[in-house]
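The structure presented is a predicted model; accordingly, all values stated were derived computationally and were not measured. In what follows, every chain begins at residue 1, and chains take the letters A, B, ... in the order their sequences are listed.
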2 protein chains.
Amino acid sequence: MGMRGTSVPCKAGGKLTARGLERQRLILRAAQGVFLEQGFEQACLADIITRAGGSLSTLYRIFGNKLGLFEAVIKETTCELFERLEVEQWSEDSGTTLHDFGRKLVELVSSPEALSMYRVALAVNSPDREQVQRIFYEQGPARIRGLLQRYLESQCRKGLLDLDDCEIAAGQFIDMIKAPWHQQALLGLPHDPQIRQRALEQGVKLFLDGARTVR
Amino acid sequence: MGMRGTSVPCKAGGKLTARGLERQRLILRAAQGVFLEQGFEQACLADIITRAGGSLSTLYRIFGNKLGLFEAVIKETTCELFERLEVEQWSEDSGTTLHDFGRKLVELVSSPEALSMYRVALAVNSPDREQVQRIFYEQGPARIRGLLQRYLESQCRKGLLDLDDCEIAAGQFIDMIKAPWHQQALLGLPHDPQIRQRALEQGVKLFLDGARTVR
DNA sequence: CGAGTACTGTAATATACATTACGTTTTTTG
DNA sequence: CAAAAAACGTAATGTATATTACAGTACTCG
């Protein structure tokens with residue numbers, strides 16, 4: 001009899017031997033591929049096992065059920081993606097800092113993995129949809145926005161920028177440099193990669209012209 | 001033997017009697033509800049018929065198959081939504097015009113129907129995914145951006161605004177006033193409705209400060 | 001009115017998959 | 001080493017649902 005009743009599919013049944021960890025890692029990686037390609041409902045567990053090697057029973061013992069595996073993939077992937085965004089220089093020069101941050105961000109969110117992740121997270125439609133989506137949002141977009149928000153706030157305190165609401169402004173900056181190619185990319189429609197560069201330049205310019213205290 | 005082979009599921013088999021049109025309309029409306037709630041793959045045709053009345057056979061005769069019905073729903077819904085966006089005053093005063101346009105746009109894209117439509121369009125994963133998504137994008141977001149783009153271009157020609165690339169700028173304005181609540185709304189996470197108002201105000205301000213020629 | 005067509009209802013067909021069960025083999029560990 | 005636990009492989013179970021078939025009823029239009 002499985003552990004189906006509990007809403008928290010376990011991953012911590014017994015001890016974790018080296019081989020066990022390896023198995024877990026292999027399944028997780030295969031699942032990442034399949035889920036990101038197919039989405040939650042379309043993904044087939046048998047496919048995942050085919051890719052990962054091993055057996056279905058093992059998958060169930062480790063992750064409980066399909067949703068448990070999916071949640072693990074969401075967490076894993078979202079964190080992996082977030083870690084790509086290492087901005088080293090939060091300097092006092094808003095221009096170069098924003099430009100640098102923007103460039104890294106554009107690189108991140110235009111990557112196939114990030115686009116798939118976003119699409120798949122939106123598409124979930126299981127009973128636990130709300131929980132899954134919260135995990136994604138808070139581990140991903142919200143954390144990124146938080147980084148920028150804190151920078152903007154510090155710049156405002158120093159009197160270098162003048163913004164009513166730094167949380168909103170951070171969101172606006174981020175969305176501004178994603179527009180208009182991100183929407184198309186999410187929908188799988190092609191776009192000229194150069195447009196990303198131009199949107200970044202223009203976005204930084206617009207934002208700073210609007211937000212700088214010194215006119 | 002059905003008409004499965006052709007990639008264009010017919011809707012124009014025979015003549016359209018009054019009763020036939022009524023049937024078509026009822027099925028379409030029910031399908032709209034079910035597809036927008038469940039997404040393409042999750043939606044169940046039997047459910048649709050239960051809501052619409054009538055019989056499964058009729059559905060298949062009219063729309064060919066599930067995908068044909070879905071495409072019809074996409075077109076119908078996207079057009080319905082677009083028509084809500086009637087901006088009457090494209091005046092020379094960029095401030096009030098953008099504010100007016102923004103207000104209407106925010107109303108539109110924060111509506112449950114528009115959010116569902118967006119989510120469902122992203123989530124499609126059938127073989128014809130590309131075609132479906134193109135229909136949505138071109139009938140919906142692209143058309144809306146086009147409206148604004150043309151306005152911005154005319155303002156630039158008159159020397160009232162100064163923008164490098166009005167297509168990008170239009171996208172940026174639109175995304176700016178949607179940030180940051182739209183992402184949360186798409187994910188089904190709650191947000192303070194007041195934030196929509198504030199994002200609008202701040203977005204217009206930022207955009208105009210950055211784009212106006214007269215400083 | 002009556003033939004042809006549209007519509008209805010229900011049942012049959014076929015497939016795809018999540019989830020379990022179970023017997024065997026390998027690995028871990030006391 | 002030997003018992004316990006983990007991993008394996010395969011088959012069984014059960015469900016959901018797209019799609020088709022068919023037989024009967026209601027419309028429509030010449």
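- There is a side-chain donor-acceptor pair under 3.5 Å between Y118(B) and Q183(A).
- Atom-to-atom, CD1 of I27(B) to P of dC7(C) comes out at 9 Å; the value is rounded to the nearest Å.
- To the nearest angstrom, P of dC8(D) lies 11 Å from CD of E22(A).
- Not counting sequence neighbours, the partners of D165(A) by the side-chain hydrogen bond (donor to acceptor under 3.5 Å, both in side chains) test are R198(B).
- Rounding to the nearest 0.5 angstrom, the gap separating the CZ atom in R150(A) from the CZ atom in R145(A) is 11.0 Å.
- One atom, CD1 of I49(A), and another, C1' of dA7(D), lie 11 Å apart when rounded to the nearest Å.
- For R23(B) and L56(B), each mapped to the nucleotide of DNA chain C holding its nearest heavy atom, the one lying further toward the 5' end belongs to R23(B).
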Could I get a table of every N or O pair under 3.5 Å where one atom is in the protein and the other is in nucleotides 15-18 of chain D?
| residue | atom | partner | partner atom | Å |
| --- | --- | --- | --- | --- |
| dA18(D) | OP1 | A43(B) | O | 2.9 |
| dA18(D) | OP1 | K66(B) | NZ | 3.1 |
| dA18(D) | OP2 | L45(B) | N | 2.8 |

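- T58(B) comes within contact range of at least one nucleobase, with a heavy-atom separation under 4.0 Å.
- Counting only N and O atoms by type, the side chains of Q155(B) and Y151(B) include a donor and acceptor under 3.5 Å apart.
- Taking atom CD1 on I48(A) and atom P on dT19(C), their separation rounds to 11 Å, with Å as the unit.
- A straight line from CZ of F35(A) to C1' of dA18(C) spans 11 Å, rounded to a whole angstrom.
- Residues satisfying the side-chain hydrogen bond (donor to acceptor under 3.5 Å, both in side chains) criterion with Q197(B), sequence neighbours excluded, are E201(B).
- The aromatic rings of F40(A) and F35(A) sit parallel to each other, their planes meeting at less than 30°, with 60° as the upper class boundary.
- Summarising the geometry, the separation between CZ on R61(B) and C1' on dC7(C) is reported as 6 Å, rounded to the nearest angstrom.
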